[in-house]
A.B. asks: 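One structure, as structure tokens, below. Some questions next.
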Protein chains: 2
Amino acid sequence: MTATPATETTGPAAPYEPTDRTVPTRSRERAHYDRETVHAILDEAYLCHLGFVRDGAPVVLPTLFARVGEALYLHGSTGSRPLRAAGREDPGLPACVTVTHLDGLVLARSAFHHSINYRSVVVHGTAREVTDEAERRLALDALVDHVVPGRSADSRPANARELAATAVIRLDLDEVSAKVRTGGPNDDAEDLALPHWAGVVPVAPTYGTLVPAADLAPGVAVPDYLTAP
Amino acid sequence: MTATPATETTGPAAPYEPTDRTVPTRSRERAHYDRETVHAILDEAYLCHLGFVRDGAPVVLPTLFARVGEALYLHGSTGSRPLRAAGREDPGLPACVTVTHLDGLVLARSAFHHSINYRSVVVHGTAREVTDEAERRLALDALVDHVVPGRSADSRPANARELAATAVIRLDLDEVSAKVRTGGPNDDAEDLALPHWAGVVPVAPTYGTLVPAADLAPGVAVPDYLTAP
């Protein structure tokens with residue numbers, strides 16, 4: 001377990017090294033290993049799906065995450081099962097973290113070529129509990145700021161009781177790949193004249209009107225970081 | 001392996017039976033086992049995250065799915081690794097399928113109580129390849145119609161070559177739970193007067209302007225099922 005906070009890579013960084021499990025068996029042209037692509041996909045997401053093995057069976061749970069440099073941080077209750085497992089120094093928690101953005105529904109003339117446009121990142125590795133207090137603070141701030149940049153400075157920091165109840169785990173970005181599909185349908189040439197509409201229905205998340213807490217203290221204004229374009 | 005297509009349950013259906021792995025260790029009040037809640041969450045999604053175990057390590061991949069009655073269907077190339085594994089009759093592919101909707105960012109006065117509003121379903125079980133041709137056709141139509149209702153009837157059906165290249169796997173809805181968080185932040189009473197804005201930023205997917213395929217045949221109109229509200 002490393003107690004050193006991850007730092008941003010400086011200078012030109014080599015891409016992630018492909019491995020047997022990060023090279024897809026199909027559509028290899030959709031795979032990307034450069035850090036810029038991977039980081040952009042991760043940073044645009046709030047939620048990841050954390051996979052781990054319990055009693056020999058896979059478990060996939062949605063959870064918040066944040067990237068700091070070449071590490072992902074996840075957190076949860078010290079009582080949660082995967083976080084307890086990650087706290088065992090050896091072997092830690094073999095984990096797979098996947099982040100996916102759905103960008104469009106791809107309608108082809110043929111049922112077979114229907115698809116989606118998406119950007120995903122899959123990270124394989126071993127998650128380990130973070131015990132260094134400075135790194136824990138950095139990770140917890142990052143988790144809040146990843147959801148709303150600037151927010152950690154505009155909220156009450158965790159107190160000792162809350163810190164004691166929170167486990168932080170770290171998964172280093174070593175064995176990583178992105179997969180991206182863009183563009184229109186890839187119909188077979190002999191299907192192009194069929195009378196079925198073909199194209200893409202774009203999909204993107206949008207933000208609705210802010211809903212203030214029912215018990216919001218009078219006079220508390222909406223902060224700029226929530227209204228800036 | 002069953003060759004009988006799953007059918008809708010008729011009459012009042014019992015909730016899914018909670019098991020050790022579908023009862024959360026925390027926030028148990030967020031767990032739901034009724035079929036109506038589970039089905040609604042599944043049917044509103046296009047993408048699931050499929051978890052399986054390879055060489056002892058977890059793998060989580062995004063993929064399309066469709067629900068038909070009390071079964072989930074997934075498909076892919078016959079060459080893909082998890083689908084090949086599911087094709088082995090015994091033991092099939094131990095799998096976990098998770099579907100998550102992000103509904104809002106929950107900003108609390110305290111960093112600790114930041115959260116998200118979400119609806120998720122986790123399905124545990126063993127995925128098995130579907131070999132019955134009628135059930136395969138039903139599943140493939142459902143996969144297209146799940147993305148755009150009515151679309152399978154308005155596209156060229158799969159031909160023999162395409163069918164031969166496509167594996168369909170089925171995961172029955174037996175060991176299933178939903179988890180739902182709604183509402184505003186749950187700050188501690190002593191934090192309510194703090195000068196930090198608190199509330200929810202709603203998030204929802206929206207659909208953009210249709211992008212016709214560059215090679216769309218002249219005169220092909222946008223179908224009603226893509227423009228209906």
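Here is how names work: the chains are called A, B, and so on, in the same order as the sequence lines, proteins then strands, and each is numbered from 1. Every value quoted in this text rests on a predicted model; they were computed, and no experiment measured them.
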A.B. asks: Which one of B:Trp197, B:Phe52, B:Tyr46 has the most heavy-atom pairs closer than 4.5 Å to chain A?
C.D. replies: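 Option with the top pair count is B:Trp197.
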A.B. asks: Any idea which of A:Ala217, A:Pro62, A:Ala158 has the most non-hydrogen atom pairs under 4.5 angstrom with chain B?
C.D. replies: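 Winner by heavy-atom pair count: A:Pro62.
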A.B. asks: Pick whichever of A:Ala57, A:Ala95, A:Pro24 has the most heavy-atom pairs under 4.5 Å with chain B.
C.D. replies: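 With the most close heavy-atom pairs to chain B, the winner is A:Ala95.
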A.B. asks: Kindly list each side-chain donor-acceptor pair under 3.5 angstrom involving residues 138-145 of chain A, sequence neighbours excluded, with atom names and distances?
C.D. replies:
unit_1, atom_1, unit_2, atom_2, d
A:Asp145, OD1, A:Gly150, N, 3.4
A:Asp145, OD1, A:Arg151, N, 3.1
A:Asp145, OD1, A:Ser152, N, 2.7
A:Asp145, OD1, A:Ser152, OG, 3.2
A:Asp145, OD2, A:Ser152, OG, 2.7

A.B. asks: Anything in residues 203-211 of chain B with a heavy-atom distance to chain A below 4.5 Å? Please list those residues in order.
C.D. replies: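 The residues closer than 4.5 Å to chain A, in numerical order, are B:Val203, B:Ala204, B:Pro205, B:Thr206, B:Tyr207, B:Gly208, B:Thr209, B:Leu210, B:Val211.
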A.B. asks: Can you tell me which of A:Gly199, A:Cys96, A:Gly76 forms the most heavy-atom pairs within a distance under 4.5 Å of chain B?
C.D. replies: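 Most pairs with chain B among the choices: A:Cys96.
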A.B. asks: What part of B:Pro212 gets within 4.5 angstrom of chain A, counting heavy atoms only: side chain, backbone, both, or neither?
C.D. replies: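 Both parts, backbone and side chain.
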A.B. asks: If I measure from the heavy atoms of chain A, does B:Arg21 come under 4.5 Å with its side chain, its backbone, both, or neither?
C.D. replies: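 The answer is both parts of B:Arg21.
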A.B. asks: Between B:Thr98, B:Leu102, B:Leu192, who has the most heavy-atom pairs with chain A when the cutoff is under 4.5 Å?
C.D. replies: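 Heavy-atom pairs under 4.5 Å are most numerous for B:Thr98.
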A.B. asks: What option among B:Asp215, B:Val147, B:Asn159 has the most heavy-atom pairs under 4.5 Å with chain A?
C.D. replies: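 That would be B:Asp215.
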A.B. asks: If we define contacts as heavy-atom pairs under 4.5 Å, which of A:Val148, A:Thr100, A:Thr126, A:Val97 has the most with chain B?
C.D. replies: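 Maximum pair count with chain B is reached by A:Thr100.
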A.B. asks: When only pairs under 4.5 Å are counted, which of B:Lys179, B:His124, B:Arg156 shares the most heavy-atom pairs with chain A?
C.D. replies: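 The candidate making the most pairs under 4.5 Å is B:Arg156.
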A.B. asks: Are B:Arg54 and A:Asp20 close enough that some pair of their side-chain heavy atoms sits under 4.5 Å apart?
C.D. replies: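 Yes, at least one pair of side-chain atoms sits under 4.5 Å.
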A.B. asks: Can you tell me which portion of A:Val222 sits under 4.5 Å from chain B's heavy atoms? Options are side chain, backbone, both or neither.
C.D. replies: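 Looking at A:Val222, backbone and side chain both touch chain B.
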A.B. asks: Do you know which two heavy atoms are closest between B:Pro94 and A:Pro58, and how far apart they sit?
C.D. replies: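 The answer is O-CG, 3.4 Å.
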A.B. asks: For B:Leu194 and A:Val220, which heavy atoms make the closest approach, and how far apart are they?
C.D. replies: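 In terms of heavy atoms, the two residues are closest at O-CG2, 4.3 Å.
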A.B. asks: Which atoms of A:Ala214 are under 4.5 Å from chain B, going by heavy atoms: the side chain, the backbone, both sets, or neither?
C.D. replies: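 A:Ala214 has no heavy atom closer than 4.5 Å to chain B.
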A.B. asks: Check whether B:Asp191 gets within reach of chain A through its side chain, its backbone, both or neither, counting any heavy atom under 4.5 Å.
C.D. replies: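 When you check distances to chain A, only side chain atoms of B:Asp191 fall under 4.5 Å.
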A.B. asks: Which one of A:Ala198, A:Gly51, A:Gly184 has the most heavy-atom pairs closer than 4.5 Å to chain B?
C.D. replies: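 The candidate making the most pairs under 4.5 Å is A:Ala198.
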A.B. asks: What part of B:Val122 gets within 4.5 angstrom of chain A, counting heavy atoms only: side chain, backbone, both, or neither?
C.D. replies: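 Side chain only.
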A.B. asks: What residues of residues 160-167 of chain B make heavy-atom contacts with chain A at a cutoff under 4.5 angstrom?
C.D. replies: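 If one takes a 4.5 Å heavy-atom cut-off, the residues of residues 160-167 of chain B near chain A are B:Arg161, B:Glu162, B:Thr166.
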A.B. asks: Can you tell me which of B:Val201, B:Val59, B:Leu50, B:Asp154 forms the most heavy-atom pairs within a distance under 4.5 Å of chain A?
C.D. replies: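 Looking at each option in turn, the highest pair count goes to B:Asp154.
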A.B. asks: Name the region of A:Asp188, side chain, backbone, both or neither, that has any atom closer than 4.5 Å to a heavy atom of chain B.
C.D. replies: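 For A:Asp188, the contact with chain B is made by the side chain alone.
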A.B. asks: If the contact rule is any heavy atom under 4.5 Å from chain A, which residues of residues 106-120 of chain B qualify, in numerical order?
C.D. replies: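 Those residues of residues 106-120 of chain B which have a heavy atom under 4.5 Å from chain A are B:Leu107, B:Ala108, B:Arg109, B:Ser110, B:Ala111, B:Phe112, B:His114, B:Ile116, B:Ser120.
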